[in-house]
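Comments concern the structure below.
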Amino acid sequence: MSDFSIKFCGGVGSVTGANFLVTINPKKFLVDCGLVQGTDFADEFNRKDFSYNPREVDFLFVTHSHMDHIGRVPKLVADGFSGVIYSTKETFQMAQIMFEDALKVMEDKMKKEDLKPLYTEKDVRKTLSLWQTLNYHQSKDFRSFSVYLKDAGHILGSTMYEFSFKINGDNKKLVFTGDSGNCPSPLLRDTEKITDANYLVIDSVYGDRNHEPKDQRDKKFVEIVKKSLNSGGTLVIPAFSIERTQVILYMINNMVEDGVIASVPVYLDSPLASKITNIYKKSENLFNANVLGEINSGDDIFSFPKLSIVKKHIDSENIKNIIGPKIIIAGSGMSEGGRIVSHEVHFLPDPKSTILLMGYQAVGTLGRKIFDGYKKININGNVIDVKANVFSISGYSSHKDSDSLLEMVSDSTKTLKKVFVVMGEYKSSTFLAQKIKDNLEVKAICPEIDSLHYLD
Ligand SMILES: [Zn+2]
């Protein structure tokens, strides 16, 4: 049995559920422990025992605070893990908010479906007590290996981990990208380069597709907002709480301050996104040079005249009674629950209003039905006529596209022994693996679930 291996316990053949067990003898550690989301088997998978003994794992390294990377951490702790959890400070802060929200969602679900929760408040408290933070460009030594953090540019605080160790006296480097960002990002810095990886575990959500060009996304956004407000209707934007909401606020902030649009009421109607935005506000040092310049010139980039942060449910309900052009930003991003749904019930039948989809809409979600152009949609038992204008912009994805992923791998062509393509649908991952083999002549594979791969 080799002393060096990776077991792919989740996040293979699927975008979600990231969970990788690394052995660098005598230590065992995990990278990410996320929820499986959006499939019929998700609940069953998430409730299953881990395919390793959590008590035998020494550390957990968390790449970023999306639930498909952190959502099962409290379960790991409930099942016996008592090692140290590492991440950046921002990931730790946002993870706390995400766990609180998950507890609330589970409580509601439990009442409706009479299900046992995946974990409790006590498990979350214990989880947070095990957490320690590391900085970008910090190296930490664990005797048999060391770790170094690089900015992934995906969401605030997202990091790539470089693990260095020796096999038979030779230096080796194993790198996990986590999710890597779509650069340049409106707010964040670019993904840092990896130039000397021997083993690379890379994300592949968009392994088989490229995004629309970046210059078009901003133009499209400005046009849609202007058109919508000029028609006197309401612009409704379903938005993910982390990153997308902050990008939208930042874009509107600039449009209002540059006089591109008139100052209209803008409602941020998501308690979760509001809390996350507060973490963004405290983390200015992690923004790109362009945004830092704006902040240094005195701009509060997430705040502008007529922006309301909606807290109470009753205030959310009252927005529909406000006459005239306005913008509503609410969660959830795929319109599966959250305050966005009641806004859609109200504004979808209004031909003057606009629904703007700025994120991926999974099959089966309400967001996907709107995206697909259904003219009648059943929402909570009521048939809603769709007369509003529906637009979508895909360019604000926070994931690298196919060509950018290949470029990231190409920086390590000289040193790479093997690339493990993960965190994508089967079609997307296999396409990227083939593209890497064809273009770079580097070995690239899509590991099977729970398969064990030795490093040599
Ligand atoms: Zn992510």
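Both ligands and their constituent atoms are indexed starting at 1 by order of listing. Computed from heavy atoms alone, side chains included, the values below leave out hydrogens, waters and symmetry copies.
Counting backbone and side-chain atoms alike, Asp68 contributes no N/O/S atom closer than 2.8 Å to the Zn ion (ligand 1). Distance check for His399 against the Zn ion (ligand 1): none of its N/O/S atoms falls below 2.8 Å. The Zn ion (ligand 1) has no N, O or S atom of His69 inside 2.8 Å of it.
In this structure, Asp208 does not pair ionically with Lys435, as no charged nitrogen and carboxylate oxygen lie closer than 4.0 Å.
Residues satisfying the side-chain hydrogen bond (donor to acceptor under 3.5 Å, both in side chains) criterion with Lys417, sequence neighbours excluded, are Asp456.
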Under 3.5 Å, side-chain donor or acceptor atoms of residues 240-249 against the rest of the protein: list the pairs with distances, not counting sequence neighbours.
unit_1: Glu243; atom_1: OE1; unit_2: Tyr280; atom_2: OH; d: 2.3
unit_1: Arg244; atom_1: NE; unit_2: Tyr396; atom_2: O; d: 3.4
unit_1: Arg244; atom_1: NH1; unit_2: Met358; atom_2: O; d: 2.7
unit_1: Arg244; atom_1: NH2; unit_2: Tyr396; atom_2: O; d: 3.3
unit_1: Thr245; atom_1: OG1; unit_2: Phe240; atom_2: O; d: 2.7
unit_1: Gln246; atom_1: OE1; unit_2: Glu243; atom_2: N; d: 2.5
unit_1: Gln246; atom_1: NE2; unit_2: Ser241; atom_2: O; d: 3.1
unit_1: Gln246; atom_1: NE2; unit_2: Thr277; atom_2: OG1; d: 2.9

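Ring orientation note: the planes of Phe61 and Phe59 are tilted relative to one another, at an angle of 30° to 60°.
For the salt bridge (Lys or Arg N to Asp or Glu O under 4.0 Å) criterion with Asp196, the lone passing option out of Lys173, Lys172, Lys150 is Lys173.
Here the N, O or S atom of His66 that is nearest to the Zn ion (ligand 1) is ND1. Its N, O or S atom nearest to the Zn ion (ligand 1) is what matters here, and for Asp179 that atom is OD2.
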